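Worksheet for the structure shown next.
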Amino acid sequence: MPPLLHSNASFHQSIINPTFISLLEKCHSIKQFKQIHSQIISSGLAHSPTHCRHMLSFCCSLPAPNLAYSRLLFDEMPVQDVFLFNTMIRAYSDHNDPSSALALYVGMLARGLKPNNYTFPFLLKAFDGETTIAHGDELHAHVLKFGLWSNVFVRCQLIHMYALSGKSHTARQIFELSPDRDVVIWNSLMSGYNRSRRFKDSCKLFEEMEMENVKPNSVTIVSVLSACAKLKDLKFGSRVHLVVKEDEPVLRTLAVDNALVDMYAACGDMSTAWSLFENMKSRDVITWTSMVTGFANSGDIHQARFLFDRMPQKDFVSWTAMINGYIQAHYFKEALAIFREMQDSKIHPDEYTMVSLLTACAQLGALEVGEWIRLYMARNKIKNDTTVANALIDMYSKCGCIERAIKIFKMMTKRDKFTWTAMITGLAVNGFGEEALDIFYQMLKTSTRPDEITYIGVLSACTHAGMAEKGKELFSRMIIDHGIIPNVAHYGCLVDLLGRTGHLTEAFQTIKNMPMRPNATVWGALLGACRVYKNVEMAELAAKQLLELQPENSAVYVLLSNIYAKCNKWDEVHKMRELIMYKGIKKVPGCSLIEIKGTVHEFVAGDKSHPMTEKIYSKLEDMSKELKRAGYVPDTTEAFLDISEEAKESAVYKHSEKLAIAFGLLNSENGVTIRIVKNLRICVDCHNAIKIISKVYAREVAVRDRTRFHHFSHGFCSCKDYW
DNA sequence: GTAGGGTTAG
């Protein structure tokens with residue numbers, strides 16, 4: 001910072017001082033700015049219009065602008081002209097503060113000032129969807145009233161504004177009414193379509209440009225390729241690629257190459273993506289990240305990781321992409337592990353990263369890590385937006401902590417349909433059917449409309465709470481009330497609902513009358529109900545249909561065999577066993593997860609790989625004695641592959657959830673809830689045993705199985721033995 | 001003495 005002039009203030013008064021202006025141009029921090037400002041004041045030049053303009057412009061365009069200081073400066077200026085208003089509005093705009101920008105605009109009108117060509121581009125750029133819905137049309141009218149329609153910048157920004165709020169129809173009208181349509185205004189409309197996810201319209205617009213002989217530039221190409229990537233439209237994307245090849249000198253930019261790589265990768269054409277990638281003269285972090293995402297999405301997680309490890313530099317987007325890749329591949333533990341690596345390399349995550357991590361925690365039932373993430377977000381001031389809160393609700397629900405999920409839900413000031421759906425589904429799987437319906441009715445009072453997924457939650461709430469009549473009513477009204485045509489998944493829910501409440505004939509009738517082909521879920525729901533209500537004939541029928549759809553589904557044989565066993569049809573059980581041996585079908589191994597001190601431990605039945613195996617098995621022995629003393633009798637009707645009674649007993653005794661609970665009892669304090677996540681349905685023996693464990697050890701045990709939560713406490717389960 | 005369009009992650 002050069003020394004400031006120590007000149008006599010009066011000497012400079014009322015003339016423009018070029019020294020101050022050039023000092024402002026060199027100014028890089030608010031501290032320096034304040035020094036110059038004080039000099040300007042003591043020189044008596046603070047009220048000179050030229051100095052005011054320079055000062056406000058520079059203050060607003062500092063590398064880290066101080067909005068409050070800028071506003072103070074603005075407020076103290078003796079004459080606030082349109083230029084100063086525009087500059088201040090732009091500052092708010094740059095800070096995504098539409099309401100302050102709007103308030104200033106209103107103040108400007110009140111002052112009798114007229115907006116000019118610059119005002120609306122600044123002001124409208126600040127607008128988000130909500131501000132547009134509230135004030136967009138009015139401002140559009142102002143544009144016309146003040147005669148600014150003829151300005152192409154103003155029209156571009158109007159298009160941008162309408163597109164952002166989803167009114168692409170109005171955006172299109174402005175485009176149509178534009179007298180001079182240069183490539184930029186075409187691009188504006190296309191980016192508008194992209195923003196409102198009207199990707200097909202973007203592609204159509206590109207074709208229109210070709211027909212009207214408007215030459216696309218590199219921005220056009222990037223936009224249209226982005227639309228192709230979202231649509232996974234390889235055919236259209238390749239056509240755009242040809243256009244690029246026809247005009248290489250103009251269109252070959254790094255951004256275009258990146259967009260091409262991303263398009264091919266998104267469409268799953270990894271070999272073309274790879275050859276483009278290899279031949280690029282220069283690549284940046286975006287190029288690499290697109291490749292990593294492409295490999296991950298095409299199911300090649302190892303290739304994704306291979307590339308990821310070789311990236312010359314990685315930013316938080318690349319790390320998040322890799323975390324997401326692991327989640328897509330169901331490698332949830334790896335997703336959490338690589339986040340630790342991310343922290344080691346001192347790359348700061350953002351809210352997107354957090355959502356991914358919370359998803360992994362939800363899948364693993366890793367409550368402690370999930371809690372840690374919430375604290376981490378608070379400590380590191382990571383944006384807690386609606387998506388993050390939705391992920392938290394989902395994580396808490398899937399970890400069986402429904403109270404905490406409700407707390408997040410209640411604290412939210414802005415909720416979207418995902419929020420409501422997450423809360424409804426969360427309550428449903430945790431067994432709070434009535435409460436789930438309450439939330440659903442609350443949702444209907446807002447302007448948020450339920451969708452297909454919401455209804456899956458609503459119907460499963462009725463199932464888990466045994467509310468057959470209510471469920472039937474909601475099912476029959478979903479098309480009338482919300483125009484949602486029931487799909488095969490909804491029919492699956494209905495069959496499940498009827499089956500679980502004992503209406504087997506009605507469930508079967510529903511399947512016969514449904515307007516589409518029943519899928520495996522539908523027949524599976526019926527088969528499950530047959531098990532509970534011991535209906536062998538219908539079970540055979542359902543199993544036969546199911547095996548036609550999924551001949552390798554071992555669970556069907558197991559379930560059918562269980563039903564035979566339950567009905568003492570041992571000949572049939574024997575036949576089933578032989579059939580399985582003959583067909584060489586393997587049972588999906590049962591697997592249970594438990595999180596202890598932030599680490600997720602995984603157990604399969606009969607597992608002896610854990611470092612604490614000896615202690616676990618000896619704890620299991622103790623438990624077995626205590627349980628038997630408390631009246632527990634092993635129930636082996638659902639044990640399947642074992643021949644002798646004794647072997648069966650020892651097989652159920654080593655079920656993965658029992659191992660996990662033994663481990664949990666060994667490694668957690670009294671009074672702490674033991675939380676287990678299981679990949680299959682819990683078996684009847686484990687269910688009995690855990691009820692007694694909850695009583696004998698005075699522990700709450702929460703088991704999440706394939707379909708729902710079982711909250712065990714004081715010898716009872718929240719599912720009321722009904723699952 | 002100010003203005004318009006673009007790419008990656010949920």
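Bear in mind that the values here come from a model prediction, so they are computed numbers and not experimental data. We name chains A, B, ... by the order of the sequence lines, and we start the count at 1 in each one.
Among the atoms of the strands shown, none is found under 4.0 Å from any heavy atom of Asp257(A). Heavy atoms of Phe122(A) sit under 4.0 angstrom from at least one base atom. Counting any heavy atom pair closer than 4.0 Å across all strands shown, Ala255(A) reaches a base atom. Among the atoms of the strands shown, only primed sugar atoms or phosphate atoms (P, OP1, OP2) are found under 4.0 Å from some heavy atom of Lys230(A). Here Asn86(A) lies in heavy-atom contact (under 4.0 Å) with a base. No contact: Asn390(A) has no heavy atom under 4.0 Å from any strand. Nucleic acid contact for Asp350(A): base, since at least one base atom lies under 4.0 Å from a heavy atom of the residue.
Side chain of Ser223(A), nearest nucleotide from dG6(B), dG4(B), dT2(B): dG6(B). In the set dT7(B), dG4(B), dG6(B), the nucleotide with an atom closest to the side chain of Asn258(A) is dT7(B). With dG1(B), dA3(B), dG4(B) as the candidates, the nucleotide lying closest to the side chain of Asn117(A) is dA3(B). Candidate nucleotides dT8(B), dA3(B), dG6(B) were compared by shortest atom distance to the side chain of Pro121(A), and dA3(B) ranks first. Candidate nucleotides dG6(B), dG4(B), dA9(B) were compared by shortest atom distance to the side chain of Gln157(A), and dG4(B) ranks first. Relative to the side chain of Ser226(A), the nucleotides dG4(B), dA9(B), dT7(B) differ in distance, and dT7(B) lies closest. Taking every side-chain heavy atom of Asp262(A) into account, dT8(B) is the closest of dT8(B), dT2(B), dG6(B). Proximity note for Thr320(A) (side chain, C-beta onward) versus dT8(B), dA9(B), dT2(B): the nearest is dA9(B). In the set dG4(B), dG6(B), dG1(B), the nucleotide with an atom closest to the side chain of Ser218(A) is dG6(B). In the set dG6(B), dG1(B), dT2(B), dG1(B) carries the atom at the smallest distance from any side-chain atom of Arg53(A).
Closest approach of Phe122(A) to Ser93(A), counting heavy atoms only: O-OG, 2.8 Å. Closest approach of Asp269(A) and Thr272(A) over heavy atoms only: OD2-OG1, 2.7 Å. Summarising the geometry of Leu113(A) relative to Asp81(A), their closest heavy-atom pair is CD1-C, 4.1 Å, with the distance given to 0.1 Å.
The distance between atom CG of Asn187(A) and atom P of dG4(B), rounded to the nearest whole Å, is 14 Å. Between the CZ atom of Phe85(A) and the P atom of dA3(B) there is a distance of 18 Å, rounded to whole Å. Going from atom CZ of Arg155(A) over to atom P of dG4(B) covers 15 Å, rounded to whole Å. The separation between Ile327(A) atom CD1 and dA9(B) atom C1' is 11 Å, rounded to whole Å. Remark: C1' of dG4(B) and CD1 of Ile174(A) are 14 Å apart, rounded to the nearest angstrom. If you measure from atom CG of Leu123(A) to atom C1' of dG4(B), you get 15 Å, rounded to the nearest angstrom. Rounded to a whole Å, the CG atom of Asp284(A) is 15 Å from the C1' atom of dA9(B). In this structure, CG of Leu56(A) is placed 14 Å from P of dT2(B), rounded to the nearest angstrom.
A donor-acceptor contact under 3.5 angstrom links the side-chain atoms of Asp182(A) to the base of dG4(B).
A close approach under 4.0 Å does not occur between any side-chain nitrogen or oxygen of His160(A) and OP1 or OP2 of dG4(B). Between Thr87(A) and dT2(B) there is no side-chain polar atom (N or O) within less than 4.0 angstrom of OP1 or OP2. In terms of phosphate contacts, Arg90(A) brings a side-chain nitrogen or oxygen within less than 4.0 Å of OP1 or OP2 of dA3(B). Remark: Lys125(A) is not in phosphate contact with dA3(B), judged by side-chain N or O atoms under 4.0 Å from OP1 or OP2.
The environment of Arg197(A) atom CZ is sparse: at most 12 non-hydrogen atoms of other residues, nucleotides or ligands sit within 6.0 angstrom.
Arg305(A) forms no cation-pi arrangement with Phe308(A), by the criterion of a distance under 6.0 Å to the ring centre and an angle within 45° of the ring axis.
Residues meeting the ring-ring contact (aromatic ring centres under 6.0 Å, His included) test with Tyr193(A), sequence neighbours left out: none.
Atoms OG and CG, from Ser226(A) and Asn258(A) in turn, are 12.5 Å apart once rounded to the nearest 0.5 Å.
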